[in-house]
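Just below is one structure, and these are the notes that go with it.
Hydrogens, waters and symmetry mates play no part in the numbers below; they use all other heavy atoms, side chains included.
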Amino acid sequence: MNNFFATLICMMVSLATYAQGQRTIKIESGDSHTDIIKKATLVVPTANQYAYKKLEFTCFVHFGVNTFTRKEWGDGFEDPKVFNLQNLDTDQWCKTAKEAGMKLVMFTAKHHDGFVLWQSRYTKHGVMSSPYKDGKGDVLKELATSCEKYGLKLGVYLSPADLYQIENKEGLYGNLSKYTERIIPRPVENRPFANKTTFKFKVDDYNEYVLNQLFELLTEYGPIHEVWFDGAHPKRKGNQQYNYLAWKKLIQTLAPEAVIFGKEDVRWCGNESGATRASEWDVVTFDEDPHQMNLFPDMHGDLGSREKLSKAKYLHYLPAETDTSIREGWFYRDETDQKVRSADDVFDIYERAVGGNATLLLNIPPNREGKFSDEDVRVLKEVGKRIQETYDNDLLKGAEGESAILDANEDSYVLGENGKGSFIITSPKKITLNRFVLQEAIQTHGQRIEKHALDAWVNNKWQQVIESTVVGYKRILRFADVTTNKLRIRILEARSKPSLSKVSAHYYTPRPPQLSINRNLKGQVTIAPKKSDFDWKTHGIDVNESISKNLVIRYTTDGKMPNEKSQIYTDSFFFKSGEVKAKAFENEQTGSLAEREFGLVKKNWTVKGTTDNKNKPENAIDADEKTYWNSGSGAPELTINLKETKTIRGFIYTPPLNFKEGLIEKGIIKVSKNGRSWKTVQTFDLGNLINDPTARTIHFAKKVKGQYIQIVSIRGAGGSSSASIAEIDILE
């Protein structure tokens, strides 16, 4: 009898826990589709994941030897003396991040090159062997102090890949060492740890190295709130395997408040260009228990629809992080050729990412002076100003409706009916809004809303303002100005009883639009309000239908910054080659700078190359980035005849936007005056195009003359043997 009651009590406790929600739920063999959807409504974040979601906007800092070599990826052969840092101002980093509205700084303590930016006991390949403070500098320690000063949380990026440990003859990566029991941290003479915690793990040399360094990072620099593991691997050796389960145990013990990126806590959004999904589900599927997994694949496409869930074996709460850079590339290169995103662009990404149920991790790479560059700071301050002006002012203060969604208590919420809900909010006076924010009670009820709409009472009737999909932690709706005193939220489709925890209304003060500069095959340049490369509507408004009569576009072609006295754009104009810069001016406001470099006019060029019979060589020189050439199974090379000899200083490679096969990662460019005798100009490396398919500009060490240009791919992204080009522009 006692055993019976004990079993009954255990079952009741288990059912109560299940009813309150879990992070991971297993799908049983007899579960119906309805059962699976019901289980999905019970998947909720951990306390750490919920705290992570509330960060919303965070700062990535890529800094290291690449900053000084001007490379995107180092090779492990760098002499530490190249890290010739004379000054460092981590206070400026944190002050700027704070002004932008960021809440955490994620620092590349070790990138793929293996160079460490703290005083590690376990390697000499780092700041300890550099000129910085005569080898006694510790960049991470200075940053940790600044984060505490400015009230920011700190995260550490430790690359599992390590080219120094691969290339160094005594390196530990892939050295085929045996798995034996090791004590972590390994004692080092005259360098004791204040934290006396120790671990025993059965690992090889390289995993011990990672664990020792994690111990340093997690015990000597204050509380760590995110640990970032990059999945990129520029090179492998010795079939090296990572023992992530050991890493996880150490992290969860030493940094109990931290989430782990790239594993079962936080996932990558799937690109590095700032693209966002229309429906970002936090409840995703796995074929095995994610808590026991050692390797985690990148996730793309549909992750959480009902159809996707029906094939699940495990349901797991796994929020997305959108990572992208304010500059072209992750590391600082220069102030001239390396373009910087405008405040318009960053604010747009912020609203789509944070307002699309993801966390935004924006990279700001410090320059060789150890500071964020002036232009980056200017953009971040403007973005912070826009966020504050827009979202710190809730137009629904004093409104009547469900108190649980209008109060400031994140733990209060209302529940709709099964699969639906309708909530009316009345303001004591008319308001004009163009932003509306919804939040679900994800910490208790998970993510349930699949489709919803916002209506406004206009001309004595309800008019639908906008319709959207999932909500989750936060959804920002963007639309043209609406003036009303009554709003209605309609939940159209949901899993079980949908929850709402908070809603708010806001007004974003429009700025002059971003501009797009294009040139056709005949050399005619057009300048117009920009539509995104991914067809997003700028701030929720179709710019081509909302151009103000007061808008004036001014431009330059001499390299100077456009101002109120510059040439006014009225119609397309012929432009031989060079750079066009433009700005929009409207009601005493100045828009962000648009600039584009154009090569030679392509009108009479001819081209040769193998083809897959669909994407022909001509597509690479047709001045249309939506078309592309792919070499198919033939030689991955393209030959262009300019029809006359030209002096050439470089080229621009534009990859296909939505075709990832054959992206050129590394190649050779050759020139010829007669098409028979060829001279190699230089080898070029275009970096990670799969995750960031944007144009790359290559400048030659010195100018060359030729009529024929040949581009040869020697390494395709992802191991591809073909070559693909959307456009090639030749710079004169």
Are any side-chain N or O atoms of Ser724 and backbone N or O atoms of Asn630, one a donor and one an acceptor, separated by less than 3.5 Å? no

Test item: Arg327 side-chain N/O and Asp334 main-chain N/O as donor-acceptor pair under 3.5 Å: yes

Pairs involving residues 720-729, ordered by first then second residue, that meet salt bridge (charged side-chain N to carboxylate O under 4.0 Å, His left out) (sequence neighbours left out): Lys602-Glu727, Lys602-Asp729

Residue pair Asn243 / Gln241, side-chain donor-acceptor N/O under 3.5 Å: no

Listed partners of Glu661 passing side chain to side chain donor-acceptor pair (under 3.5 Å), at least two apart: Ser720

Identify, with sequence neighbours excluded, every residue that meets salt bridge (Lys or Arg N to Asp or Glu O under 4.0 Å) alongside Glu382. Arg386, Arg511

Test item: side-chain donor near acceptor, Asp113 and Trp73, under 3.5 Å: no

Residues pairing under salt bridge (charged side-chain N to carboxylate O under 4.0 Å, His left out) where one sits in residues 126-135, two or more places apart or in two chains, turn out to be Lys133-Glu142

Would you kindly say whether Arg182 and Thr180 are connected by a side-chain donor-acceptor distance under 3.5 Å? yes

What do you reckon, are the aromatic ring centroids of Trp93 and Phe63 less than 6.0 Å apart? yes

Does NZ or CZ of Lys71 come closer than 6.0 Å to the centre of the six-membered ring of Phe331, within 45° of the ring's axis? no

Side chain to side chain donor-acceptor pair (under 3.5 Å) partners of Glu72, counting only residues at least two apart: none

Salt bridge (Lys or Arg N to Asp or Glu O under 4.0 Å) against Glu148, all qualifying residues, sequence neighbours excluded: none

Distance alone, cut at 3.5 Å: any donor-acceptor contact between the side chains of Glu264 and Tyr244? yes

Run the salt-bridge test on Arg186 and Glu208 with the 4.0 Å N-O cut-off and return the result as yes or no. yes

Please check: side-chain N/O of Gln165 versus main-chain N/O of Leu172, any donor-acceptor pairing under 3.5 Å? yes

In sequence, state the C-alpha distance, the side-chain angles, and the governing distance for Phe229 and Phe261, and then conclude on ring-ring contact (aromatic ring centres under 6.0 Å, His included). CA-CA 6 Å; Phe229 291 128; Phe261 173 86; 9.3 Å; no

Assess the residue pair Val116 and Gln213 against the criterion (side chain to side chain contact (heavy atoms under 4.5 Å, CB included)); give the C-alpha distance rounded to whole Å, side-chain angles, the decisive distance to 0.1 Å, and a yes or no. CA-CA 10 Å; Val116 304; Gln213 292 196 326; 3.8 Å; yes

Can you sort out the partners of Lys670 under salt bridge (Lys or Arg N to Asp or Glu O under 4.0 Å), two or more places apart, ordered by chain and number? none

Between Ile326 and Val346, is a side chain to side chain contact (heavy atoms under 4.5 Å, CB included) present by the stated rule, with each step listed? CA-CA 7 Å; Ile326 198 170; Val346 174; 4.3 Å; yes

Show, in sequence, the C-alpha distance, side-chain angles and deciding distance for Phe651 and Ile709, and conclude whether the side chain to side chain contact (heavy atoms under 4.5 Å, CB included) test is met. CA-CA 10 Å; Phe651 71 96; Ile709 307 293; over 6 Å; no

Check: Gly706 main-chain N/O paired with Lys673 side-chain donor or acceptor under 3.5 Å: no

Verify the ring-centre separation between Trp228 and Phe60: is it less than 6.0 angstrom? yes

Give the C-alpha distance, both sets of side-chain angles, the deciding distance and a yes or no for salt bridge (charged side-chain N to carboxylate O under 4.0 Å, His left out) between Glu321 and Arg267. CA-CA 6 Å; Glu321 185 172 273; Arg267 61 180 164 82; over 6 Å; no

Looking at the rings of Tyr157 and Phe107, which for Trp means the six-membered one, are their centres under 6.0 Å apart? no

For Leu250 and Leu211 the tightest heavy-atom approach is CD1-O, 3.9 Å

Report yes or no: do Asn363 and Ser325 form a side-chain donor-acceptor pair below 3.5 Å? yes

Within the distance-only criterion (no hydrogens, no angle test), does the side chain of Ser672 pair as donor or acceptor with the backbone N or O of Trp678 below 3.5 angstrom? no

Taking the six-membered ring of Tyr122 as reference, does the cationic atom of Arg191 (NZ for Lys, CZ for Arg) lie under 6.0 Å from its centre and within 45° of its axis? no

Could you tell me which residues satisfy side chain to side chain donor-acceptor pair (under 3.5 Å) with Thr67, sequence neighbours excluded, listed by chain and number? none

What heavy-atom pair brings Ser177 and Asp204 nearest, and what distance separates the two atoms? OG-CB, 3.4 Å

Strictly by ring pair (Phe, Tyr, Trp, His ring centres under 6.0 Å), give each pair with a member in residues 125-148 just once, sequence neighbours left out. Phe115-His125, His125-Tyr164

Just by modelled atom types, is the Val340 backbone N or O under 3.5 Å from a matching donor or acceptor in the Asp376 side chain? no

Inspect the contact between Arg121 and Glu216 and indicate whether a charged nitrogen and a carboxylate oxygen are less than 4.0 angstrom apart. yes

Residues 221-236 vs salt bridge (charged side-chain N to carboxylate O under 4.0 Å, His left out), sequence neighbours excluded, gives Glu167-Lys235

Regarding Asn207 and Trp247, do their side chains bring together a donor and an acceptor under 3.5 Å, going by distance alone? yes

Any chance the side chains of Glu335 and Ser373 put a donor and an acceptor closer than 3.5 Å? yes

Taking atom types as modelled, is there a side-chain donor on Trp118 or Glu220 under 3.5 Å from an acceptor on the other? no

Set of side chain to side chain donor-acceptor pair (under 3.5 Å) partners for Ser342, sequence neighbours left out: Gln514

Parallel, tilted or perpendicular: which describes the rings of Phe199 and Phe201, with under 30° parallel and over 60° perpendicular? parallel

Parallel, tilted or perpendicular: which fits the ring planes of His233 and Tyr242, with parallel below 30° and perpendicular above 60°? parallel

So which atom in Leu163 and which in Gly74 form the shortest heavy-atom distance, rounded to 0.1 Å? CD1-O, 3.1 Å

Would you please indicate yes or no on a ring centroid separation below 6.0 angstrom for Phe68 and Tyr332? no

Just by distance, no angles: are the side chains of Ser713 and Arg715 close enough, under 3.5 Å, to form a donor-acceptor pair? no

Would you say Asn175 and Gln240 are linked by a side-chain donor-acceptor pair, where the criterion is simply a distance under 3.5 Å? no

Name all residues meeting the salt bridge (Lys or Arg N to Asp or Glu O under 4.0 Å) criterion together with Asp79; count only those two or more places apart in sequence or in a different chain, and write none if there are none. none

Between Lys98 and Gly151, the two heavy atoms sitting closest are NZ-O, 3.8 Å

Does a side chain donor of either Ser159 or His112 reach within less than 3.5 Å of an acceptor in the other side chain? yes

Minimum-distance pair of heavy atoms, taken over all atoms of Lys660 and Leu663: O-CG, 3.6 Å

Determine yes or no for a side-chain-to-main-chain donor-acceptor pair under 3.5 angstrom, with Arg333 supplying the side chain and Glu328 the backbone. yes

Of all heavy-atom pairs between Thr324 and Ser273, which one has the smallest distance, and what is that distance? OG1-C, 3.6 Å

Apply side chain to side chain contact (heavy atoms under 4.5 Å, CB included) to Ile714 and Thr683, showing your working. CA-CA 9 Å; Ile714 56 177; Thr683 300; 4.3 Å; yes

Tell me whether Lys141 at atom NZ has more than 12 heavy atoms from other residues, nucleotides or ligands lying less than 6.0 Å away. no

